[in-house]
Structures are given as structure tokens and as C-alpha cells.
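Notes follow once the structure below has been shown.
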Amino acid sequence: MPNLLEAKKRTQIKPKTINYELEEKYKTLGKNKTYFIKTYGCQMNEHDTENIKAILEQMSFKETDIMENADLILLNTCAIRENAHNKVFGMIGRIKHLKESKPNIIVGVCGCMVQEEIIADEIKNKYKWLDIVFGTHNINELPKILANNLTNNKLELEVYSIEGDIIENMPVKRDSKYKAWVNIMYGCDKFCTYCIVPYTRGKQRSRTKENIIKEVEELKKQGYKEITLLGQNVNAYGKDLEVDYDMSDLLEETAKTGIERVRFVTSHPWDFTDKMIDVIAKYPNIMPYIHLPLQSGSNKILKLMGRRYTKEKYIDLYNKIKEKIPNCSVTTDIIVGFPGETEEDFNDTLDVVNTCKYDSAFTFIFSPREGTPAAKMKDDTPLEIKEQRLYKLNDLINKYAREANEKLKDKIIPVLLENISEKNEEMLMGYTDTMKLVNVKAPKEKLGQIVNVKIKDVKTWSMDGVIEDKS
Ligand code: 5AD
Ligand code: SF4
């Protein structure tokens with residue numbers, strides 16, 4: 001069972017690197033069976049789902065996108081805010097009805113939520129009808145857990161508080177043929193006071209550069225156009241390894257593989273070095289796009305959040321980025337209504353938004369997460385005030401997002417066409433180098449290509465364009 005105090009411990013034990021291999025006896029366990037998996041939360045979870053899908057397919061399961069038809073239903077959950085929980089519990093309720101009419105289906109819950117002690121307890125006491133529950137540290141054990149459930153016919157709950165080894169060679173069924181996630185590190189050691197991630201994802205463990213570069217080269221060979229280096233706090237890459245090699249070195253080596261587009265998420269302003277900015281500026285295949293979570297513009301609140309930078313330091317970093325990479329788009333995350341946030345503190349946040357004029361932002365109302373220090377802080381701001389702050393902030397964010405898009409009107413920019421447009425089947429959609437969504441009038445044969453697009457029409461969250469080159 002997970003335990004938050006245990007999960008908080010940072011042991012000196014160095015994780016080993018272990019190669020995943022599916023045991024022969026599990027290879028036909030899913031024969032003639034289908035699975036359905038729903039994913040909540042961040043890119044890390046999306047990528048975990050890609051691994052889970054491939055493990056299940058090695059076990060002979062086949063994917064279905066109709067939940068009601070599936071023999072195995074899995075929910076890969078998120079714990080970052082309360083509403084993520086609510087969505088999952090709502091879904092579990094729906095699935096319970098389904099299981100009442102089809103008792104043979106296997107229902108599983110995995111991901112960050114079950115790493116929380118209170119949730120695991122709740123599942124154990126109130127959701128005994130579930131079949132399998134596993135955490136973020138033992139996805140590789142899914143075959144064994146499934147097999148045990150099939151043999152014993154009772155809830156198999158296997159969640160570990162402490163992270164284990166780094167598992168290499170996990171199979172992966174990628175969602176896209178053109179873009180791929182590449183994990184560079186797991187976990188986070190920052191312990192921002194509001195955040196549950198260091199508990200649910202464990203201590204920071206970096207993959208070796210050799211394994212990362214090998215994966216990127218392999219993806220390039222397979223025809224992938226874009227890779228995103230993935231981690232909770234990518235700038236801290238390598239700090240846990242005994243090597244003189246950091247995120248700027250990794251970015252540079254990744255760029256040198258010649259893959260067409262390199263991205264990375266998420267950055268913490270505290271670990272963002274000048275060397276990193278120089279590398280991003282130097283290599284045209286490192287995309288001019290940086291997600292740089294601000295969280296708050298008030299020095300008092302930043303201190304309470306344990307963010308390790310001030311408003312001034314953040315703005316300095318922002319200015320350096322814009323100076324060296326003038327076309328760089330910068331996006332952010334902001335939390336309003338953190339305990340103790342006054343109107344003045346909130347105005348400091350607006351002030352930074354007015355300075356940085358973000359290309360876009362994710363904004364949230366503070367959600368207390370049990371076990372984190374901020375959940376125990378005195379919070380006397382009424383919810384209505386927090387909501388008003390959120391609306392005001394969103395208005396400002398929208399204004400700057402639109403202004404940033406307006407500047408691109410009639411410009412020609414590269415777009416990787418990755419899918420059919422959701423709004424119009426005749427169009428394709430893709431992202432610019434600066435990570436802006438564009439719907440493009442283009443034939444389907446262009447899918448998977450990076451094309452030059454002339455921007456014709458601009459909205460707040462997307463743009464419309466036409467292909468400009470005659471290729
Ligand atoms: N409440 C609200 N927002 C949060 N985030 C993380 N933890 C919380 C919380 N307890 C936000 C941060 C982070 C993003 C992924 O989610 O802004 O950058
Ligand atoms: Fe959470 Fe802070 Fe780590 Fe990001 S850097 S995952 S906000 S603790």
C-alpha cells in the first residue's frame with residue numbers, strides 16, 4: 001500500500017537499469033480479448049499509456065475504442081488537482097454499472113491517483129469490486145498482476161511508495177506516426193509545496209544519455225519528424241547521475257542526431273541555464289518554444305510555494321530567452337488563490353503576465369493535495385474571489401494569446417501536419433515551430449510533412465492557413 005511519508009523519502013540507493021521482457025507464459029493471456037484505456041492528465045501519463053497499450057498487445061489483447069465492448073477497461077489517472085479525482089470517480093461509477101451487467105470484464109485503475117494513500121485506502125475499502133490496481137512505479141508488472149487476478153478472481157492491488165529501477169526496453173504503441181515522446185527522466189525532487197508529483201512519481205531518476213540518444217536515433221530511422229524530451233523537470237536532467245553532462249548537453253546531442261524537430265517539457269525556471277538558452281538558439285531543429293511555469297508573480301507566494309526564484313529572477317530569465325531567441329514563444333502555468341494570496345499578490349501575477357505577454361497559459365485555482373505542505377496552510381480567501389481572479393487572469397492571457405497570433409497573420413511558417421482537422425474533414429491540423437495550432441487546407445498526402453503555411457486567419461487559440469510552397 002502507498003504511504004506518503006515513505007514516498008517523500010529520498011533514498012541514496014541508485015536505481016538500476018533493468019531490461020523489460022515479457023515472460024512467455026503471459027503472451028497469450030489476452031487472446032480473443034479486447035482492452036479499452038482512458039488516460040487523464042499530463043504527457044507523462046499519455047506516454048505511460050502508450051507503454052501499457054503495447055504491453056497488452058504483446059499479451060495478445062486488441063484495442064477497442066468502445067468501452068462497452070471491452071473485456072479489460074483501464075483508467076490511467078491523474079492526481080494533480082481535485083477535479084482530476086472527481087472525473088475518475090465519476091467514470092468508475094459508470095463502469096460499475098457496466099460490470100453489474102457484464103461481471104466477467106476486468107476493471108483496472110492505475111497512474112498517479114492510486115499512488116495517494118487516501119485513494120488507495122478508499123479503493124481497498126469501498127471499491128473491492130475493482131480487479132486490478134497498480135501504480136506509476138510498476139507498469140512493467142501489469143502482466144503478472146493481470147494473471148494473478150485471473151487466477152484468484154479478487155482485487156489485485158500492487159502500488160509501491162518507493163520508486164524502483166529504471167525500466168528500459170518497454171514496448172510502446174505510439175499514438176502518432178510523426179511525433180514521439182521520449183522520457184529522459186522520471187520523478188521530481190523539487191517538492192513545490194502545493195504539488196503531489198514528487199510523492200506520486202518518486203525521486204528524480206535520469207535515464208542514461210546513451211539510451212535516450214539511441215531511442216531518438218531509432219525514431220528518426222523509423223521516419224519520426226518530431227520528438228519531445230519528457231520529464232517533470234527536464235532542466236534538472238543528469239543531476240542525479242555521476243556524470244558531467246546536463247540538459248544543455250543532452251539537447252545539443254539530440255539536435256545533432258538530425259531529427260527534424262526537438263522539443264522538451266517541462267522546464268523549471270530555477271534550473272534553466274544560460275548554456276541551455278545558447279544551445280536552443282544555436283540549433284535550428286530545437287524548436288523556439290519554451291514552457292516556463294511561473295505559478296505566481298508574487299515573491300511572497302513564490303516563497304510559500306518553495307519555487308526558489310523571485311519575480312525579478314523569472315523576468316530576467318524571460319528577457320534573456322527573448323534576447324537570444326527572438327522568435328521564441330513562451331507559455332506558462334499559473335495558480336491563483338494559493339493560501340495567503342492577497343489582491344496585491346495577485347496583481348503581481350498580472351504584472352508578470354503584462355511583462356511576458358505569454359503566447360498561452362494554463363491557469364488553475366489552487367487545489368489542496370493531502371500530504372503536501374500547502375494543504376496545511378491557512379487559506380481564508382473565499383472561492384468566489386479565487387474564481388474572479390481566475391476569470392480576470394484568463395481574460396488577460398487570452399488577450400496576449402490573440403495578439404501573439406495576430407503578429408503571424410500573412411506570415412509563412414513551418415507546420416508539421418499531423419492529423420485531420422477536428423473542425424473540418426477537408427483540412428489538416430498541425431503545430432508551428434512555436435507550438436501554435438494551425439488548420440491547413442491541404443490534401444491528406446501531406447500528412448507527416450513539415451510544410452510552409454501562409455497564415456490567413458487568426459483566432460485566440462488557433463489559426464487557419466494554406467500551403468505556400470509548391471512541393
Ligand atoms: N493546485 C492547482 N494547480 C496545481 N498544479 C500543480 N499542483 C497544483 C495544485 N495543487 C499546476 C501547476 C503545474 C501544473 C502542471 O499544474 O501550475 O505547473
Ligand atoms: Fe511539481 Fe514543482 Fe516538481 Fe513541477 S517542479 S512536478 S510543480 S514539485
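Whatever order the structure lists them in is the order used to number ligands and atoms, beginning at 1. The structure displayed is predicted, hence computed values, not measured ones.
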Within reach of ligand 2, part of [X] (heavy-atom separation under 4.0 Å):
| X | value |
| --- | --- |
| Cys188 | side chain |
| Pro293 | neither |
| Arg307 | side chain |
| Tyr194 | side chain |

Open item on the list: I'd like to know whether CZ of Phe362 has more than 12 heavy-atom contacts from other residues, nucleotides or ligands below 6.0 angstrom.
Closed with: no
Open item on the list: Can you tell me if Lys300 has over 12 outside heavy atoms packed within less than 6.0 Å of its NZ?
Closed with: yes
What protein heavy atom sits nearest [atom], and how far off is it?
| atom | answer |
| --- | --- |
| atom 7 (N) of ligand 1 | Tyr194 CD1, 3.3 Å |
| atom 16 (O) of ligand 1 | Arg81 NH1, 2.9 Å |
| atom 12 (C) of ligand 1 | Gln295 OE1, 3.4 Å |
| atom 14 (C) of ligand 1 | Asp333 OD2, 3.5 Å |
| atom 9 (C) of ligand 1 | Ser367 O, 3.6 Å |

Task: Within-shell test, Ile365 vs ligand 1, heavy atom, strictly < 4.0 Å - done: yes
Open item on the list: I'd like to know if Glu341 and Lys386 make a salt bridge, using a cut-off of under 4.0 Å between side-chain N and carboxylate O.
Closed with: no
- [ ] Answer yes when Glu403 and Lys407 have at least one side-chain N-carboxylate O distance shorter than 4.0 Å, and no when they do not.
- [x] no
Open item on the list: Below 4.0 Å from ligand 2: does a non-hydrogen atom of Arg201 turn up there or not?
Closed with: no
Task: Whether Phe89 and His85 hold their rings parallel, tilted or perpendicular, with breakpoints at 30° and 60° - done: perpendicular
- [ ] Just say parallel, tilted or perpendicular for the rings of Tyr314 and Tyr309, cut-offs at 30° and 60°.
- [x] tilted
- [ ] Mind checking whether Ile80 contacts ligand 1 via backbone (N, CA, C, O), side chain (CB onward), both or neither, at a 4.0 Å heavy-atom cut-off?
- [x] both
Task: Nearest heavy-atom neighbours spanning Arg205 and Asp240 - done: CA-OD2, 3.2 Å
Task: Ring-face cation contact, Tyr40 with Lys38, 6.0 Å cut, 45° max - done: yes
TODO: Any atoms of ligand 1 less than 4.0 Å from a non-hydrogen atom of Ile335? List them with their elements.
DONE: 3 (N), 4 (C), 5 (N), 12 (C), 17 (O)
Open item on the list: Under 4.0 Å from a heavy atom of Phe366: which atoms of ligand 1 are those, numbered in the order shown and with their elements?
Closed with: 1 (N), 2 (C)
Open item on the list: Using ring centroids (six-membered ring only for Trp), state whether Phe366 and Phe338 fall under 6.0 Å.
Closed with: yes
Task: Proximity winner for atom 8 (S) of ligand 2, if only heavy atoms of Gly231, Pro269, Cys192 are counted - done: Cys192
